[in-house]
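Following: one structure in structure tokens, then a few remarks.
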2 protein chains.
Amino acid sequence: MRRRVTITDVAQEAGVSVATVSKVINGRDGIAAGTAAHVQQVVERLGYESSLVARGMRSQRTHAVGVLVAEFEPFSTEILKGAGAALAGTDYALLAYTGGGAGRAGWERRYLSRLSGTLIDGAVLVTPTVVDPVAGVPVVAVDPHAGPGATPTVDSDNLEGAMLGVRHLLGLGHRRIGFLGGRRDLESSALREAGYVQALIDAGVTPDPALLHVAEYRRDAAYEATAAMLALPDPPTAVFAANDVSAMGILDAAGRLGVRVPDDLSVVGFDDIPESASTTPPLTTVRQEIQQLGAVAVRLLLDLLDGSGVGAAGDAPGHVRLPTSLVVRGSTAAPRRTA
Amino acid sequence: MRRRVTITDVAQEAGVSVATVSKVINGRDGIAAGTAAHVQQVVERLGYESSLVARGMRSQRTHAVGVLVAEFEPFSTEILKGAGAALAGTDYALLAYTGGGAGRAGWERRYLSRLSGTLIDGAVLVTPTVVDPVAGVPVVAVDPHAGPGATPTVDSDNLEGAMLGVRHLLGLGHRRIGFLGGRRDLESSALREAGYVQALIDAGVTPDPALLHVAEYRRDAAYEATAAMLALPDPPTAVFAANDVSAMGILDAAGRLGVRVPDDLSVVGFDDIPESASTTPPLTTVRQEIQQLGAVAVRLLLDLLDGSGVGAAGDAPGHVRLPTSLVVRGSTAAPRRTA
DNA sequence: ATGAAAGCGCTAACAC
DNA sequence: GTGTTAGCGCTTTCAT
């Protein structure tokens, strides 16, 4: 395993100074055509490519943007696909990063501090818990923390989406509808809960606090919460989950408890991650355009980086909200007559 | 947008030298308890986190591993999920990287040169076209280029998998079965083709060169190839695609041409990416444990990095092959009597 | 116990 | 047209 070849190796091999090699690589002028050609040739032969790190350290631009995530799960990887697509054709590289302790709050600030300035020119933060502007580089947040912020933001119409999902259940005839909330710190979760409550009230149904649980967007937590709800004297005939992953937890619990979906229990999720089509039964869900979310976030970021950031499509701090839609699959049906 | 806070800022604020701050951060001893506490406090207050880049430049270890991909598509993002899961619990960070010109061959060497040594301690290369050992850091390849190599490798049993898929079609009664090959440079593609041919021969069917196309694992290329095959005087009643993405291209073409799947044409894919369950009709496919591929690759890499690399589970250059399985969904059926 | 200084690979001023 | 020098943020001897 040979050592990485450095600019010094190239310089020595070519019999010129390091500076000259640097100039050739970066296409600076003031180099004799012959020298340039020769150096170029040595570069090829040695397979040299300049270190992103050393380069970023010296110049201020690295020409790389980061997507910072707490974890690589279905939502963040969809974002990645969209971000990648939006970056294709530009000469920016894409760096997705997740460090160890994403459990602790404030991961996004620590990650940003580790990478910004020297590695990436800007970042997309996926479901950050904190969005403070002390970034050092331009930042765009996807599905961010609740509360105001100077940071440009991209999200879906969570309120309307939730209402779509719950109205679907109401339309099927359900009246006892449970809700599995997401991460308390995220605005999306709060809005989905608000949409759930609103849709019920609009339909003349009084929300029952006993049917409202928090599952943190996690499958195992959803499993537990579902078990608790189903043990109620008057259990729900349907549950609306704040995301697909927790909806899968509901399916797990129902399967274990011998509760048939959708016969005994209807389930609606949120997100429409690719995995949702292959659950048993396939999940009815509220679709977010997740890849679009990622693509838009990258475009906003690119605006911030290159185009002055002014006068582009929209002058405001940049806040884009994408529409949602209902995808009906096999996990919902009319409730059985309780007789 | 404030500047990133550096170690110098902390040192100044705390009234000590940079060296002292560095020692405190890295838990080196030889620091008065009081000083350490004070510095620690300033670190917290300023939200300082040392730059991955500067740190990696000086010390040789960065405690980050890279997953280098040509593009963020369904296969590579599944690898990422598996890699992330395998890394959870360790104190390694995960860096997924894709630069611009992945079109040109040799992207993996260039990416490696950009990142190795200073940013990542080791790398997982996803479907690399070239695997030469001139890396500078330990490398593990997933689904690599054909040919021998000193590099440890992880892949699926592509030969057996292909035979599984084709035998399924044969069992349904198909005899004219087309094949859409993948990237010529990948071993997986060659083996899937070999499995296709072998299964046909085993069943006494002579492979027809007119039914053998290359689609590069790409959806648009698959579309074209399918159109060509279906225009044949004696078109196939079934097509086996070397991956799911090209199988989707077949579905596209069939839809456009008014050919019904599976009534007029059966389709089998390879991979079982999450997206395959939600095509119309849902795709019958040969499942690879893609996340496992990623997880195993990371474990191999970690062995190389930490545990001497000797005596671990298997001393050989490290070559792991995972089993495949058939997932039957809606895109396959018995051929209609041509009568 | 603490600080000064060198150096990781590279680029940008500035000299020659 | 090319080389010398300084310095990006950090860790690590080596003095003090």
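Note on naming: letters A, B, ... go to the chains in the order of the sequence lines (proteins, then strands), and numbering restarts at 1 for each one.
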Measuring from the side chain of [X] (C-beta onward, heavy atoms only), which nucleotide among [options] has the closest atom?
X	options	value
A:S22	D:dT2, C:dT11, D:dT11	C:dT11
B:S51	D:dG3, C:dC10, D:dG9	D:dG9
A:M57	D:dT12, D:dC10, D:dC8	D:dC8
A:A32	D:dG1, C:dT11, C:dA1	D:dG1
B:T20	C:dT2, C:dA4, D:dT11	C:dT2
A:V18	D:dT11, D:dT12, C:dT11	C:dT11
A:A54	C:dT2, C:dG9, D:dT2	C:dG9

Spacing of [X] atom [atom1] relative to [N] atom [atom2], expressed in whole Å:
X	N	atom1	atom2	answer
A:E49	C:dG9	CD	C1'	14 Å
A:H38	D:dG1	NE2	C1'	16 Å
A:R4	C:dC10	CZ	P	5 Å
B:L52	D:dT11	CG	C1'	14 Å
B:R61	D:dC10	CZ	C1'	18 Å
B:I7	C:dT2	CD1	C1'	14 Å
B:R114	C:dG9	CZ	P	18 Å
A:R58	D:dC8	CZ	P	7 Å

Hey, does the side chain of [X] reach the backbone of [Y] with a donor-acceptor pair shorter than 3.5 angstrom?
X	Y	value
A:E49	B:L112	no
A:R321	A:D155	no
A:R4	B:T118	no

- salt bridge (charged side-chain N to carboxylate O under 4.0 Å, His left out) between B:R61 and B:D306, intermediate numbers included: CA-CA 11 Å; B:R61 302 295 292 270; B:D306 300 328; 3.8 Å; yes

Looking at [N], I'd like to know if its phosphate oxygens (OP1 or OP2) sit under 4.0 Å from a side-chain N or O belonging to [X].
X	N	result
B:R28	D:dT12	yes
B:T8	D:dC10	no
B:T118	C:dG9	no

- Query: Out of curiosity, A:L125 CG to A:T151 OG1, how far, rounded to the nearest 0.5 Å?
  - Reply: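 Going from the CG atom of A:L125 to the OG1 atom of A:T151 covers 8.0 Å.
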
- Hey, which of these two, B:A19 or A:S50, hits DNA chain C nearer its 5' end, going by closest nucleotide?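 Looking at DNA chain C, the more 5' nearest nucleotide goes with B:A19.
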
- Task: Report the residue (A:R55 or B:K23) whose heavy-atom-nearest nucleotide on DNA chain C is the more 5′ of the two.
- Result: B:K23

- Message: Please verify the inter-ring angle class for B:Y111 with B:Y97; under 30° counts as parallel, over 60° as perpendicular, anything in between as tilted.
- Response: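 Because their plane-to-plane angle is over 60°, the rings of B:Y111 and B:Y97 count as perpendicular.
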
- Query: Reckon A:V53 touches a base, only the sugar-phosphate, or nothing at all at heavy-atom distances under 4.0 Å?
  - Reply: nothing

